[in-house]
Amino acid sequence: MLPESNAAPGYMYDECKATADWLLSQLSMRPLVGIVCGSGLGGLADSLKNQVVFKYSDIPNFPKSTVHGHAGRLVFGTLKGTSCVCMQGRFHLYEGYPVQKITLPIRVFNLMGVETVILTNAAGGLNQDYRVGDVMIIKDHINMPGFAGINPLAGPNEDRFGVRFPCMSDAYNRKLVRLAHEVGAELGFDEFLREGVYCMLGGPSFETIAECRMLNKLGADAVGMSTVHEVIVARHCGMRVFAMSLISNRSVMDYESEERANHEEVLQTGDDRAKQLEVFVATFVSRLGHASNGTH
Ligand SMILES: O=P(O)(O)O[C@@H]1C[C@H](O)[C@@H](CO)O1
């Protein structure tokens, strides 16, 4: 165990517990499902019923959202009778927060009783068969910052959350991947539903053409700037994970191309698919089969 002074802010158990207790003291429910909304996908949170809403700026220890398209609100409520908490906006490495701080909400989810985490993001499509507006169920990831030692679990291990060396070969729950395909087929979403590998980079600059070509050769189907650290922390503390990427733009792979990645297109694609994603997530959540409904 390293000295306590090596612990990164936003990382330790007591700080996460204080935040979870503060939230629970103001709620008459405990969430079973935690949802993280990606860029342009915050509308998912608006579909929750019986909402109780907290601004991130009012929550002890919470970082502040700084990115357009990330509202910065924690929304509690129910989706088809299942109690949920929804992050309407997430935190990214490029905002300047330590990697431990951007994942603090995931540990707070765990301490509030969340069992299943659903993560969404907007991503560039590296796979040349993908089209803008496709939704990629994430089956695996490449943690590019992790290759340089940027991992939310670096530092002293907090045994009350999980083990020092957590396995990641089962990071994305395979039963939930199958459930997502079933739900997608029932809703008639097959046409735009894909399954693939998400690669996370630090951002905020979008990728060069050479980087996109390399990532695609390495086996990545989509590239983005989030999600992976949240998944690692969620799996460390034993929550099951489902994640999906909205392909908001095609990664530029060709020097002749006039296409340019930009955040406005990312947000617009989110708007265009918003309603279908809301229906998808609500139906998916209703089929998760939690033992209780989270009321206490
Ligand atoms: O939070 P996500 O991963 O959805 O946000 C993506 C990555 C960047 O933050 C931004 C680029 O447009 O969208």
Side-chain angles (χ1 to χ4, degrees), residues 34-45 56 62-75 86-97 99 101-106 109 117-126 130 132-138 141-146 150 152 171-172 194 196-208 211-212 215 220-234 241-252 259-274 276-278 280-281:
I35 302 171
V36 180
C37 301
S39 285
L41 300 171
L44 277 175
Y56 290 168
F62 245 61
K64 316 273 172 291
S65 272
T66 68
V67 185
H68 183 44
H70 292 257
R73 296 169 2 130
L74 196 62
V75 182
C86 199
M87 285 181 73
Q88 205 171 29
R90 62 149 59 84
F91 311 109
H92 306 83
L93 269 185
Y94 63 75
E95 293 175 79
Y97 294 116
V99 63
K101 191 83 183 175
I102 62 177
T103 50
L104 172 137
I106 303 298
F109 279 7
V117 182
I118 299 173
L119 302 130
T120 65
N121 63 53
L126 294 163
Y130 287 7
V132 170
D134 282 353
V135 173
M136 184 187 86
I137 296 167
I138 302 182
H141 70 225
I142 298 175
N143 176 16
M144 212 42 110
I150 301 173
Y172 299 86
R194 313 286 190 153
V197 174
Y198 175 86
C199 177
M200 188 229 173
L201 303 183
S205 47
F206 288 106
E207 303 69 44
T208 63
E211 285 164 349
C212 289
L215 296 175
D221 297 294
V223 57
M225 306 176 194
S226 69
T227 306
V228 163
H229 296 131
E230 296 154 345
V231 171
I232 291 171
V233 167
V241 166
F242 173 75
M244 57 187 179
S245 296
L246 174 63
I247 304 302
S248 56
N249 54 287
R250 278 163 54 90
S251 299
V252 180
E259 289 180 75
R260 301 282 182 269
N262 65 88
H263 192 54
E264 288 63 42
E265 183 186 12
V266 170
L267 297 183
Q268 184 58 51
T269 312
D271 268 3
D272 295 347
R273 269 281 180 251
Q276 282 158 310
L277 281 174
E278 281 168 32
F280 178 86
V281 172

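When reading the values below, keep in mind they use all heavy atoms of this one structure, side chains included, and skip hydrogens, waters and symmetry mates. Atoms within a ligand are numbered from 1 in the order they appear, just like the ligands themselves.
For atom 12 (O) of ligand 1, the nearest non-hydrogen atom of the protein is His263 ND1, 2.6 Å. When only non-hydrogen protein atoms are considered, atom 7 (C) of ligand 1 lies nearest to Met225 CB, 3.8 Å. Closest to atom 1 (O) of ligand 1 among all protein heavy atoms lies His92 NE2, 2.7 Å. Summary of contacts: the protein heavy atom closest to atom 9 (O) of ligand 1 is Tyr94 OH, 2.5 Å. Ranking the protein heavy atoms by distance from atom 6 (C) of ligand 1 puts Ser39 OG, 3.4 Å first.
Looking at Tyr198 next to ligand 1, no N or O pair under 3.5 Å apart turns up. Taking only nitrogen or oxygen atoms, main chain and side chain alike, Val266 does not reach within less than 3.5 Å of ligand 1.
Both the backbone and the side chain of Asn121 come within contact range of ligand 1, each with a heavy atom under 4.0 Å.
Below 4.0 Å from some heavy atom of Ser226 lie the following atoms of ligand 1, by number and element: 1 (O), 2 (P), 3 (O).
Checking Arg90, Met200, His68 against atom 2 (P) of ligand 1, the nearest heavy atom belongs to Arg90.
With hydrogens and angles disregarded, a donor-acceptor distance shorter than 3.5 Å links the side chain of Thr208 to the backbone of Glu211. At least one donor-acceptor pair under 3.5 Å links the side chain of Asp221 to the backbone N or O of Val197. A donor-acceptor contact shorter than 3.5 Å links the side chain of Gln88 to the backbone of Gly42.
With values rounded to the nearest 0.5 angstrom, Thr103 atom OG1 is found 9.5 Å from Leu93 atom CG.
A 4.5 Å side-chain heavy-atom check between Asn121 and Tyr198 finds at least one atom pair inside the cut-off. Between Leu41 and Leu277, some side-chain heavy-atom pair lies under the 4.5 Å cut-off.
Ring geometry, Tyr56 versus Phe62: the interplanar angle falls from 30° to 60°, so the pair is classed tilted.
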